[in-house]
Chemist: 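Below is the structure I would like to discuss, written out as structure tokens.
Worth saying up front: this structure is predicted, and the values here are computed from it rather than measured. First the proteins, then the strands, lettered A, B, ... as listed; each starts at 1.
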There are 2 protein chains.
Amino acid sequence: MKLSELNSRSVCPLASTLEIIGDRWTLLVIRDMMAGRQHFKEFEAGPERIATNILSDRLRKLLAWGLIEKFPASPVSKQKAYRLTDLGESLRPVMNAIADWGLAHIEGTEKRISA
Amino acid sequence: MKLSELNSRSVCPLASTLEIIGDRWTLLVIRDMMAGRQHFKEFEAGPERIATNILSDRLRKLLAWGLIEKFPASPVSKQKAYRLTDLGESLRPVMNAIADWGLAHIEGTEKRISA
DNA sequence: CTGTATCCAGCCGGATACTG
DNA sequence: CAGTATCCGGCTGGATACAG
């Protein structure tokens, strides 16, 4: 299911975007990639402890939508890694807006992304 | 459960905010209020056809978090209506960021919120 | 290491009926 | 009008095992 084939509930850009990022996990995977993480294990090791089946599912969806891509982790090994496409990168303002709100209004949140 | 008592999955402001708006309905209710809607029936009549039990649930949560409030719809009648609190209003940049992204990247979306 | 598969409890949410 | 209640199918997601 490509982004262009997304069947939205309505013509509303908010509702349509929520079909993609309107859940509790997708944006966290994207956050990790924005922080430079590239491997399955790295995503799995995040502080929220995403389950492997959920992670697998989200990676598949993000690939299908063209928000992320696989690439060779090194020229020699066959190992693959994930990174954001330009389209995925374009979510950065969205991520920042959400994170900024949390930082301003939810007690106990911290700016630094845990490494 | 007040916002100050939100038990987040992590210290990450993104993850924490997603505990509140990380679903496919909450932000749509907020959108409707930002568009001036105030009554249960008006939210229910939105283009995405939210189910009444879901709407009821989200209104309750938003009230508990202090993002919306009830107020008398008119000085004479006892009718109540909903509106955003200042805290709820502060989500506007988040809403706009998400809607802007959809408008730019998802085909078929339209700027105008259906009245 | 990078995932996929499976079991399974519980929540989400659509449809509908009903109450104040 | 403003919700609450209930039925119930299906998805979400945690735990664990397993495969390439």
Side-chain angles (χ1 to χ4, degrees), chain A residues 1 6-10 15-16 18-33 36-65 68-83, chain B residues 1 6-10 12 15-16 18-33 36-64 68-83:
Chain A
M1 185 229 293
L6 188 80
N7 86 322
S8 307
R9 289 171 288 175
S10 78
S16 300
L18 288 175
E19 300 276 324
I20 301 171
I21 60 163
D23 79 282
R24 291 162 68 264
W25 294 109
T26 303
L27 228 33
L28 296 185
V29 176
I30 292 174
R31 169 203 65 185
D32 286 351
M33 287 190 200
R37 293 189 193 132
Q38 302 187 328
H39 301 285
F40 196 93
K41 275 288 172 197
E42 294 179 290
F43 305 135
E44 195 186 346
E48 295 86 10
R49 316 304 347 246
I50 188 170
T52 57
N53 58 339
I54 305 300
L55 176 55
S56 181
D57 175 76
R58 295 304 190 275
L59 288 172
R60 202 168 340 105
K61 284 178 176 167
L62 288 169
L63 282 168
W65 288 324
I68 67 174
E69 63 189 357
K70 275 184 158 171
F71 71 101
S74 107
V76 292
S77 85
K78 289 175 311 221
Q79 213 189 6
K80 299 289 183 182
Y82 296 95
R83 69 179 163 205
Chain B
M1 185 229 291
L6 188 81
N7 86 321
S8 308
R9 289 172 288 174
S10 78
C12 172
S16 300
L18 288 175
E19 300 276 324
I20 300 172
I21 60 162
D23 79 281
R24 291 162 67 263
W25 293 110
T26 303
L27 228 34
L28 296 185
V29 176
I30 292 174
R31 170 203 64 185
D32 286 351
M33 288 190 199
R37 294 190 193 131
Q38 301 187 328
H39 301 284
F40 196 94
K41 277 288 172 196
E42 293 179 289
F43 306 134
E44 195 186 346
E48 295 86 10
R49 318 301 350 244
I50 188 171
T52 56
N53 57 339
I54 306 300
L55 175 55
S56 180
D57 175 75
R58 296 304 189 274
L59 288 172
R60 204 168 339 105
K61 284 178 174 166
L62 288 169
L63 281 168
I68 66 174
E69 63 189 357
K70 274 184 158 172
F71 71 101
S74 107
V76 291
S77 86
K78 287 174 313 220
Q79 214 190 6
K80 300 289 183 183
Y82 296 95
R83 69 180 163 205

Chemist: Rounded at 0.5 Å granularity, tell me how far CG in A/L55 sits from CZ in A/R60.
Modeler: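 Nearest 0.5 Å value for the CG-CZ distance: 10.5 Å.
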Chemist: Roughly how many Å is it from CZ in B/F43 to P in D/dA2, rounded to a whole number?
Modeler: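 B/F43 atom CZ is separated from D/dA2 atom P by 9 Å.
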Chemist: So, OP1 or OP2 of C/dT2: does either fall under 4.0 Å of a side-chain N or O from A/Q79?
Modeler: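 For A/Q79, the contact criterion (side-chain N or O under 4.0 Å from OP1 or OP2 of C/dT2) is met.
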Chemist: Report the distance from atom CD1 of A/I68 to atom P of C/dT2, rounded to the nearest whole Å.
Modeler: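 It works out to 14 Å between those atoms.
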Chemist: Nearest whole Å is fine: how far is D/dA2 C1' from B/K70 NZ?
Modeler: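 Computing the B/K70:NZ to D/dA2:C1' distance gives 8 Å.
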Chemist: Once you round it to whole Å, what is the distance between P of C/dT16 and CG of B/L55?
Modeler: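 In whole Å, C/dT16 P lies 18 Å from B/L55 CG.
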Chemist: At under 4.0 Å between heavy atoms, which parts of nucleotides 5-20 of chain D does protein reach? Answer with one letter per nucleotide, 5' to 3': B base, S sugar-phosphate only, - none.
Modeler: BB------BBBB----
Chemist: Between B/Y82 and D/dC1, does any side-chain N or O lie under 4.0 Å from OP1 or OP2?
Modeler: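 Answer no for this pair, as no side-chain N or O of B/Y82 is under 4.0 Å from OP1 or OP2.
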Chemist: Considering only NZ, NE, NH1 and NH2 on the basic side and carboxylate oxygens on the acidic side, decide whether B/R24 and A/D23 come within less than 4.0 Å.
Modeler: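 A salt bridge is absent here (no side-chain N lies under 4.0 Å from a carboxylate O).
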Chemist: Looking at A/H39, I'd like to know whether one of its side-chain N or O atoms comes within less than 4.0 Å of OP1 or OP2 on C/dT2.
Modeler: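 A/H39 to C/dT2 OP1/OP2: side-chain N or O found under 4.0 Å.
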Chemist: Can you tell me the distance, in whole Å, between the CZ atom of A/R9 and the C1' atom of C/dG13?
Modeler: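 Going from CZ in A/R9 over to C1' in C/dG13 covers 11 Å.
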Chemist: Heavy atoms, side chains only, cut-off 4.5 Å: are B/Y82 and B/Q38 in contact?
Modeler: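 They are not in contact (no side-chain heavy atoms under 4.5 Å apart), so the answer is no.
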Chemist: How long is the line joining CZ of B/R60 and P of D/dA2, in whole Å?
Modeler: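 Going from CZ in B/R60 over to P in D/dA2 covers 17 Å.
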Chemist: Give the minimum heavy-atom separation between A/R9 and A/L18, together with the two atoms involved.
Modeler: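 Looking at all heavy atoms of both residues, the closest pair is NH2-CB, 4.1 Å.
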Chemist: When you look at A/R83 and A/I68, which way does the side-chain contact (heavy atoms from CB on, under 4.5 Å) test go after all the steps?
Modeler: CA-CA 6 Å; A/R83 69 179 163 205; A/I68 67 174; over 6 Å; no
Chemist: For B/K80 and C/dG20, is the shortest distance between a side-chain N/O and OP1 or OP2 below 4.0 Å?
Modeler: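 Looking at the OP1 and OP2 atoms of C/dG20, neither is under 4.0 Å from any side-chain N or O of B/K80.
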Chemist: With a 4.0 Å cut-off, would you call A/E69 and A/K80 a salt bridge?
Modeler: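 So A/E69 does not pair with A/K80 through a salt bridge.
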